Amino acid sequence: MLVSLTVGKVDAGVTVLLTPDKRLIEFPSILLPPNIASGSIVDITVARNTKSESAAESRFSALQDQIFNAFGASQPSVPVLRCRNATQTSVVLEWDPIELATADLISLSLYRNGQKAGNIPRPLHMHSTKISGLAVDTEYSFYLVLRTSAGTYRSEEVVVNTHKMTDLSGITITTGILPGAMKESLNSAVERIGAKIVDGVRIDTTHFVTTEGRGMAWEKAVEMNIPVVRPEWVEACEKNGRILGVTKFYLDALRPGPPDTDTLASRSSQPEQPPQSQSSQQEKALPPEPAAENGESKEAGKDKEEEESSDDDEEKDDSDEKGEDKAKAEAEQKMRLEDKEDQKIALRPKDAEKAGQGDENGDDAEDDDNDDDDDKPAPSPGDGASFQDVAL
């Protein structure tokens, strides 16, 4: 198609062209022939290039296919949840590995009875979880919700009923170090009660049975807080026909297991004896007294008590008399000492001769006094003694 246009205003970037019906068209100046001025007439041929159009369309379609194959060919898969094991108070759930395709993971949540129980940690690596603390013989429903950048996906609902106390099929045992005969007996007992034995400590292991606390399996069981019990626990559960507590059957427990039904029945058949007081028990503990001859045991006991009381009175009277005699002796000694001091104070140095004569005449008297004063302590200079007494 050929079109004739008149050049109007010419500018460095854009040229104004006029159509025959007086319409203005802005046209790039670089596409016009050189030496164009106002008033020049130019012919422009306009045609559709279908070949180039097809090539461009094919290139665009190829780009779209590439993007779709890289990011839109697959989408995240819906989680598949199932119950792995159930006991009286716990449930073990597991699911298939999460397929995200090209989407980004936001979260993986577990719901119980329609309410969110929590987020699963490390959902790309963890494919199971254990829920404890459930009620016995109760129905529960569980489902998973996967949130990704490509959308939200919910799994099918799983309904689980916890076991009754008499249902032992949920018991999952991992054995440790056991003697050969005991291990065979344990396998038979586990088979009879409907439980199962698995190799290695797993998330659904409910009890670890062993007779020795050592080994890699034992360490893993302790780390995972799995009860470590003796083989007697399985035997007790079989005898009672129900699951029993593990407190008395721990590996390090010293107390024996609970009595069986036969022992309880024998104890209940025996009549109970009334409790005895402490005094009666003491009377039984004391040996019996020998029988007295001629029926005089009571009278002999009374006579013995009277003799002991009279002896105590006599000892008391003797002690009182001794105290009085001692006081009298001390008083007499004091009086004699005072008389002697008065006589010595009366002496003077100038009467030494008279005193010497008097001493000769009174030797007998002083000897008598000295005999009485042998037991007396010597008076000190500060007790009124004269200078002569000190000098002598």
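From a predicted model like this one, the values you see are computed outputs, not experimental measurements. Values below: every heavy atom of this structure, side chains too, minus hydrogens, waters and symmetry copies.
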Can you name the closest pair of heavy atoms from Ala86 and His163 and give their distance? O-CE1, 3.0 Å
Sequence neighbours excluded, the answer for salt bridge (Lys or Arg N to Asp or Glu O under 4.0 Å) partners of Arg84 is Glu94, Asp204
CG on Leu168 to CG on Leu244, rounded to 0.5 Å: 8.5 Å
Measuring from Leu81:CG to Asp96:CG, what's the distance to the nearest 0.5 Å? 9.5 Å
Scan for salt bridge (charged side-chain N to carboxylate O under 4.0 Å, His left out) pairs involving residues 142-152, sequence neighbours excluded, and state none if there are none. none
What pairs of residues pass the ring pair (Phe, Tyr, Trp, His ring centres under 6.0 Å) test when at least one of them lies in residues 10-49, not counting sequence neighbours? none
State whether the side chain of Ser54 and the backbone N or O of Thr50 hold a donor-acceptor pair below 3.5 Å, judged by distance alone. yes
Could you tell me whether a side-chain N or O of Thr162 sits under 3.5 Å from a main-chain N or O of Thr138, the two making a donor and an acceptor? yes
For residues Ser77 and Tyr153, determine if any side-chain heavy atom of one lies less than 4.5 Å from a side-chain heavy atom of the other. no
Is any side-chain heavy atom of Val92 closer than 4.5 Å to one of Cys83? no
Pairwise side-chain contact, Leu32 with Val10, heavy-atom cut-off 4.5 Å (strictly under): no
Pairing donors with acceptors under 3.5 angstrom, does anything connect the side chains of Thr205 and Thr174? yes
Hey, does the side chain of Ser61 reach the backbone of Glu57 with a donor-acceptor pair shorter than 3.5 angstrom? yes
Measure the CZ-OH distance between Arg230 and Tyr250 for me, rounded to the nearest 0.5 Å. 11.5 Å
Under 3.5 Å, is there a donor-acceptor pair between the side chain of Thr210 and the main chain of Gly176? no
Quick one: does Asp104's side chain have a donor or acceptor within less than 3.5 Å of a partner on Ser149's backbone? no
Using the rule side chain to side chain contact (heavy atoms under 4.5 Å, CB included), only one of Thr175, Val209, Thr211, Asn187 pairs with Met182; which is it? Thr211
Partner set under salt bridge (Lys or Arg N to Asp or Glu O under 4.0 Å) for Asp137, not counting sequence neighbours: none
List the residues meeting side-chain hydrogen bond (donor to acceptor under 3.5 Å, both in side chains) with Ser74, not counting sequence neighbours, and say none if there are none. none
In Ile120, Val78, Leu108, Leu144, the residue satisfying side chain to side chain contact (heavy atoms under 4.5 Å, CB included) with Ile98 is Leu108
Going by ring pair (Phe, Tyr, Trp, His ring centres under 6.0 Å), name the pairs with one or both residues in residues 194-216, residues two or more places apart or in two chains. His207-Trp233
Considering non-hydrogen atoms only, spot the tightest contact between Asn161 and Glu139 and give its length. OD1-N, 3.6 Å
Answer yes or no: does atom CD of Glu156 have more than 12 heavy-atom neighbours from other residues, nucleotides or ligands under 6.0 Å? no
For Asn119 and Ser107, does a side-chain donor sit closer than 3.5 Å to a side-chain acceptor? no
Of the non-hydrogen atoms in Ser38 and Gly8, which two are nearest, and what is the gap between them? OG-O, 2.7 Å
Side-chain donor-acceptor contact under 3.5 Å, Ser90 with Thr87: yes
Closest non-hydrogen atoms of Lys196 and Asn85, given as atom of the first, atom of the second and distance, are NZ-OD1, 3.6 Å
Contacts of Arg154 that satisfy side-chain contact (heavy atoms from CB on, under 4.5 Å) - sequence neighbours left out: Tyr143, Val145, Glu157
Report yes or no: does Ser52 contribute a side-chain atom to a donor-acceptor pair with the main-chain N or O of Asn49 at less than 3.5 Å? no
Ignoring hydrogens and angles, tell me if any N or O in the side chain of Ser4 forms a donor-acceptor pair with the backbone of Asp43 under 3.5 Å. no
Say you draw a straight line from SG of Cys237 to CD1 of Ile171; how long is it, rounded to the nearest 0.5 Å? 5.0 Å
So CD of Gln115 and OG of Ser141: to nearest 0.5 Å the spacing works out to 10.0 Å
Measure the OG1-CD1 distance between Thr166 and Ile193 for me, rounded to the nearest 0.5 Å. 12.5 Å
Please check if the side chain of Asn240 supplies one atom and the backbone of Arg242 the other of a donor-acceptor pair under 3.5 Å. no
Contacts table for residues 126-136: side-chain donor-acceptor under 3.5 angstrom, sequence neighbours left out:
none

Would you say Ser29 and Thr15 are linked by a side-chain donor-acceptor pair, where the criterion is simply a distance under 3.5 Å? yes
Counting C-beta onward and ignoring hydrogens, is there a side-chain heavy-atom pair between Val190 and Val234 closer than 4.5 Å? yes
For Arg59, all residues meeting salt bridge (Lys or Arg N to Asp or Glu O under 4.0 Å), sequence neighbours excluded: none
Only pairs at least two apart or in different chains count here, so list each salt bridge (charged side-chain N to carboxylate O under 4.0 Å, His left out) that has a residue in residues 14-36. Asp21-Arg23
Give a yes or no on whether the backbone of Asp65 and the side-chain of Asn69 come within a donor-acceptor separation of less than 3.5 Å. yes
By salt bridge (Lys or Arg N to Asp or Glu O under 4.0 Å), Glu53 pairs with (sequence neighbours left out) Arg48
Thr152 side-chain N/O to Thr148 backbone N/O, donor-acceptor pair under 3.5 Å: no
Exercise answer: donor-acceptor pairs, residues 214-229 side-chain atoms, under 3.5 Å, sequence neighbours excluded:
from: Arg214; atom 1: NE; to: Glu212; atom 2: OE1; distance (Å): 2.6
from: Arg214; atom 1: NH2; to: Glu212; atom 2: OE1; distance (Å): 2.7
from: Lys220; atom 1: NZ; to: Val201; atom 2: O; distance (Å): 3.3

